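One structure is given here, and the rest of the page talks about it.
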Amino acid sequence: MSESALYNTYARIPLSFERGEGSWLIQEDGTRYLDFAAGIAVNSLGHAHPHMVAALVGQAGRLWHISNLYEIPGQDRLGRRLCDASFADKAFFTNSGAEALECAIKTARRYHHAKGDENRFRILTFEGAFHGRTLATIAAGGQKKYIEGFGPKVEGFDQVPFGDLKATEAAITPETAAILVEPIQGEGGIRVLPNETLRGLRELCDKHGILLLLDEVQSGIGRTGRLFAHEWAGITPDVVAVAKGIGGGFPMGVCLATEDAASGMVPGVHGTTFGGNPLAMAVGNAVLDIVLEDGFLDKVSQKGLLLKQKLAALADTYPQVVEEVRGNGLMLGFKCKLPNLQVLGAMRDEKLLAVPAGENVLRLLPPLTISDEEIDDAVARMETAFQTLSENSSQGD
Ligand SMILES: Cc1ncc(COP(=O)(O)O)c(C=O)c1O
């Protein structure tokens, strides 16, 4: 028997950290790592941001939890602010991304139920998608490695090739309730859905009377330089699932919807004990204070461009390591020529953290508050890592 008392579900890297400061993670002995993983696109304002800390500590001294039996003013406020800043009219708060997706899926099914069309319950999704680890969201993601061994796949999800409008239209049947898509696939390998494809999906949904559900769990809350990535395509979705960045490290998510899309979600049909509790709402409101400040999102765009340009230059210099640079804003990645975990290890040796993804990609997801100097620092560390990898691989020739 292994010594650990924990489930053996994670292939953890043997590293631990004692504290974080902005874009840095610091070990007990003082060793500093530059954090371009940000807890997998979660630490949107970096570590220990004073405004978030003050909001959390302030709330912790007043009230932690009361349940959704009562009014929660912070929930009303955060819901109102998210709706005012987006396409949405209604918000449902959750504890995680998968739960925000569960709410989105239930919202779509109840929408058709409320309109008297019980048969419309199927959701179209895309190959390479990742929507979470609950039984419904693994079925939605459609990836064998996550579905296998967990019994019958939850019914009602049909998958088509990523971004293929023709195949999508061909797959729509009288049972289809919605299309669900990530504007940028994160786990799938920073695969960007072109704006015209997203517009095409909107048109398909309108033509067939079905809902467009977006998974912006990773791409939302400023990550691409707009509050939501779909804004770049100029479309209005019906439902958007959000999590990760909205809590800046506090576990929370939210499902946003138009009034019409949410029309089937009436009292009693859905609920959660913890979702939207006062602690989470205090932090979520604090995150929005910063992200919605004038000029903040423009700065994210500028930094994203800067990093992407520098990555493109690195890709030119090290074609034996980097095959292609992908992504928008600060949701970037590069497809590796060498195994991505080998490249990740070499970057970690230079005290730079990133996240692996599908298609042999490494994701670069720094805090949105990253400075230009920290971007330069990260690129210099990558350069050293790529140099070492190149030398090692040429020695092996
Ligand atoms: C696009 C996307 N959807 C859903 C999820 C699931 O979120 P959670 O792990 O908070 O349940 C993730 C998590 O990585 C994600 O990246």
Side-chain angles (χ1 to χ4, degrees), residues 7 9-12 36-44 92-108 123 125-143 145-147 150 154 157 159 162-163 178-193 198 212-224 228-230 237 239-256 272 274-277 280 283-284 287 326-333 354-359 361-365:
Y7 263 41
T9 47
Y10 300 112
R12 290 181 204 271
F36 271 49
I40 322 184
V42 166
N43 301 100
S44 43
F92 182 92
F93 287 99
T94 67
N95 310 292
S96 68
E99 285 169 280
L101 263 304
E102 288 273 343
C103 180
I105 294 162
K106 289 175 82 172
T107 300
I123 316 270
T125 66
F126 293 88
E127 282 166 12
F130 183 78
H131 298 300
R133 301 293 202 115
T134 60
L135 288 168
T137 55
I138 55 174
Q143 297 196 42
K145 63 180 175 186
Y146 299 135
I147 294 173
F150 291 112
V154 170
F157 297 93
Q159 207 155 49
F162 182 69
I179 295 172
L180 167 62
V181 67
E182 295 154 86
I184 303 178
Q185 282 191 350
E187 226 254 359
I190 307 290
R191 294 164 88 198
V192 180
L193 194 69
L198 203 43
L212 181 60
L213 319 181
L214 299 182
D215 180 345
E216 293 234 31
V217 164
Q218 197 163 146
S219 61
I221 310 297
R223 177 86 6 221
T224 68
F228 293 110
H230 69 258
V239 182
V240 173
V242 182
K244 292 192 184 266
I246 183 63
F250 197 94
M252 65 177 289
V254 57
C255 179
L256 298 173
T272 159
F274 292 120
N277 92 356
V283 179
V287 168
R326 299 173 170 187
N328 283 332
L330 288 173
M331 186 164 176
L332 296 175
V355 192
E359 296 200 332
V361 163
L362 284 185
R363 278 177 278 182
L364 299 172
L365 305 162

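Whatever order the structure lists ligands and atoms in, that order sets their numbers, starting from 1. Just so you know, these numbers come straight off a predicted model, no measurement behind them.
For the pair Gln185 and Phe130, the minimum side-chain heavy-atom distance is 4.5 Å or more. Contact check for Pro356 versus Val361: no side-chain heavy atoms found under the 4.5 Å cut-off. Annotation: side chain of Glu359 is in contact with side chain of Arg326 (closest heavy-atom distance under 4.5 Å).
Of the residues listed (Thr224, Leu212, Val181, Leu214), the one engaging His230 in a side-chain contact (heavy atoms from CB on, under 4.5 Å) is Leu214, and it is the only one.
Nearest protein heavy-atom neighbour of atom 16 (O) of ligand 1: Gln218 NE2, 2.8 Å.
Contacts between Lys244 and ligand 1, counted as non-hydrogen atom pairs separated by less than 4.0 Å, involve the side chain only. When non-hydrogen atoms are compared, ligand 1 lies under 4.0 Å from neither the backbone nor the side chain of Ala243.
Residue contacts with ligand 1 include Asp215, since one or more of its heavy atoms lies under 4.0 Å from the ligand. Heavy-atom separations between Glu216 and ligand 1 are all 4.0 Å or longer. The shortest heavy-atom distance from His131 to ligand 1 is under 4.0 Å.
Residue Ser219 comes nearest to Asp215 through the heavy atom pair OG-O, 4.1 Å, listed as atom of the first residue, atom of the second, then distance. The nearest pair of heavy atoms linking Arg363 to Gln218 is NH1-OE1, 2.9 Å.
Within a 4.0 Å radius of atom 3 (N) of ligand 1, the protein contributes one or more non-hydrogen atoms.
Which of Gly132, Gly253, Ala41 comes nearest to atom 6 (C) of ligand 1 through a heavy atom is settled by distance: it is Gly132.
The atoms of ligand 1 that sit less than 4.0 Å from any heavy atom of Ala98 are 6 (C), 7 (O), 8 (P), 11 (O). Under a 4.0 Å criterion applied to the non-hydrogen atoms of Ser96, ligand 1 contributes the atoms 10 (O), 11 (O).
Looking at Lys244, its side chain never comes within 3.5 Å of a backbone N or O of Gly97 through a donor-acceptor pair.
A donor atom on one side chain and an acceptor atom on the other are found under 3.5 Å apart for Thr134 and Glu102.
Checked by distance only, ligand 1 and Gly97 come closer than 3.5 Å through their nitrogen or oxygen atoms.
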